[in-house]
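Bear in mind the structure is a predicted one, so any value in this text is a computation, not a measurement.
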Amino acid sequence: MMKSLQNTAQQLRRLVIRMTTEAGSGHPTSCLSCAEIVAALFFHEMRWDPSDPKARNVDTFILSKGHAAPILWAALWEAKAIHEDPLSLRKLDSSLEGHPTPNNPWVKVATGSLGQGLAAANGIALANRLDGIDARIYCLLGDGECSEGSVWEAAQFASLNHLSNLVAIVDVNALAQSGPAPYQHDIEVFSRRFQSFGWETITIDGHDLGAILSALEQAKKTGPTAIIAKTEKGKGVSFLEGKEGWHGKPLSQEEMEKALAELGEDQAVAPLEPRRVGHYTPPPQQKKPTPALAVDYALGDQAATRDGFGNALKKLGELLPELVVLDGDVKNSTRTEYFAEAYPDRFFESYIAEQNMAGTALGLAAYGKIACATSFACFLSRAYDFIRMAGHSRPSHLIFCGSHAGVSIGKDGPSQMGLEDLAMFRAVSGSTILYPCDGVSAERLTQQATKAQGIVYIRTTRGKTPVIYANDEEFPVGGSKTLCASKEDKFTIIAAGITVHEALAAYEELKSKEILVRIIDAYSIKPLDQETLAKAAHETQGIITVEDHWIDGGLGDAVAATVSALAPVHRLAITAEPRSGKPEELLERYGISQQAITRKILELMD
């Protein structure tokens, strides 16, 4: 067996070198260092079925050091799990991309932005636990990657949640991109770090297949477990092994021939028998649509949209057993505590570690859950790299909710005011952005978020606002609500969230001056209700957008991109550094209050 696995490792090395030389780019030396590890996993240890990339009751491999994608493709090719020519690496229409993406069916989460994989592995482990699947998750990291703080956020979470089926393998090859990695071959540093977070650790020679197999066997007994493997970058090729300056560089044709000569002739890989983890029956597909939530508000009541969001989550928890909620130590503010109290087994406290929260939510979503991750809107910016990478992973359902958005939070000051979040999520391909303004719309839009495909962002408000919608009002994604309209409207005011109420107050003030304006609640910021906005642009003299967000990248920019060719768009938004103060003071100072709206209309009419 050892001989067969060693031959397999060498075969993977040979194929990696051929692939990267043919592509003219890639990271061959980062692949060569982990060849024995990958051979041991795919051709001996992991229980998986090369014919079924959608199987759930199998072990999972996550390549966190995503630049080593060629060795993943090589292993899948040699296992006959893929049929694309491996020499199509990095070509335009090949799924064998430079870093793993779900364009290849064996990849469930995109990696390559380092520090992402272990958090996603956490989510997969949780999904398996919830579904009663006793499978293991293997996550291969690089030593340079372990400089990312997100790795240690994920390590803490895994330990606190007793993810015993999770195995992290650190490829300590001592060389980073531009020079030596911080601790080079001092593998005890990594061992102590994982131990300090409550992990079991095993240190090995990462090229000794006997040691690798022994460590993988030992990792079954407890966990989470980190296997710290001392390796050589470029292993197996004398002029690459342990040499600086080769990161991300393919070999020339001549160098390739020399390397292949050192690695020996093509060899048959170790035999592989498909294996599963017990028997798993997928839950039945829901035939009937989820019934509309029972919503109970009185017009004029004061209710914060964050409360509506929390109420809806709790109700949806009963209707949607696949709904899972994560929070970043602010559940009593985001109101996810309502769900946590009702469904503690499906709520995961992520503490103040937003990157891991986002990555774990992605792992859950990739394995069939409707995952909802929540924090203050401002703190989601810390997790933005994970959010954009989630976009590349294209999950079926992944919800983020940012509460306490904008200057309207009041006295806490600018560090707590989410003012970039709409721009962030608008930039994520295929995302949906929903921004309720009252309790009814908050509950309805939360339910819509669970139905929408892909990544959905819900923006909620700290303070209470009047209920303006009837309990039976519907809020389809891509819609809007025209709250005031007439044939005599001079201008259209488009608002969302907190500023809807400022716009309505401005309407009354302007009406008293015999000036009529149209008011539109653009609760669906992405996609926008283009038809309604275009109609307003044709029928009025201009558009005024009002938003509690920086002027760049938010509602105003979205509206301008849609209708600026039809009518002038004037944007009222935050343009100066905010201060602490009362909400009403801040709305006025930064030009998004009812008085500011009224002044703008009067200015335009002069």
What verdict does the salt bridge (Lys or Arg N to Asp or Glu O under 4.0 Å) test give for Lys535 and Glu539, after you've listed the backbone C-alpha separation in whole Å, the side-chain angles of each residue and the deciding distance to 0.1 Å? CA-CA 6 Å; Lys535 183 174 185 289; Glu539 294 178 353; 3.1 Å; yes
Tell me, with the steps shown, if Asp548 and Leu419 meet side chain to side chain contact (heavy atoms under 4.5 Å, CB included). CA-CA 7 Å; Asp548 194 359; Leu419 292 167; 4.2 Å; yes
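- Side chains of His99 and Thr101: a donor-acceptor N/O pair is absent below 3.5 angstrom, by distance only.
- A side-chain donor from one of Ser431 and Lys526 sits under 3.5 Å from a side-chain acceptor of the other.
- A cation-pi arrangement is absent between Arg444 and Phe475 under the rule of less than 6.0 angstrom and at most 45 degrees off the ring axis.
- A donor-acceptor pair shorter than 3.5 Å can be found between the side chains of Asn356 and Asn122.
- When only modelled atom types and interatomic distance are considered, Ser150 and Glu148 share no side-chain donor-acceptor pair under 3.5 Å.
- A tilted orientation is assigned to the rings of Phe425 and Phe400, their planes being inclined by 30° to 60°.
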Give the intermediate values and the outcome of salt bridge (Lys or Arg N to Asp or Glu O under 4.0 Å) for residues Lys481 and Asp529. CA-CA 9 Å; Lys481 297 294 180 183; Asp529 185 350; over 6 Å; no
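- A parallel orientation is assigned to the rings of Phe376 and Phe379, their planes being inclined by less than 30° (bins at 30° and 60°).
- At a cut-off of 3.5 Å, with distance as the only test, a side-chain donor of Asp521 or Tyr469 sits close to an acceptor on the other residue.
- Tyr297 and Glu443 are linked by a side-chain donor-acceptor pair at a separation below 3.5 angstrom, with hydrogens and angles left out of the test.
- Checking Asn104 against Ser95 by side-chain atom types alone, a donor-acceptor pair falls below 3.5 Å.
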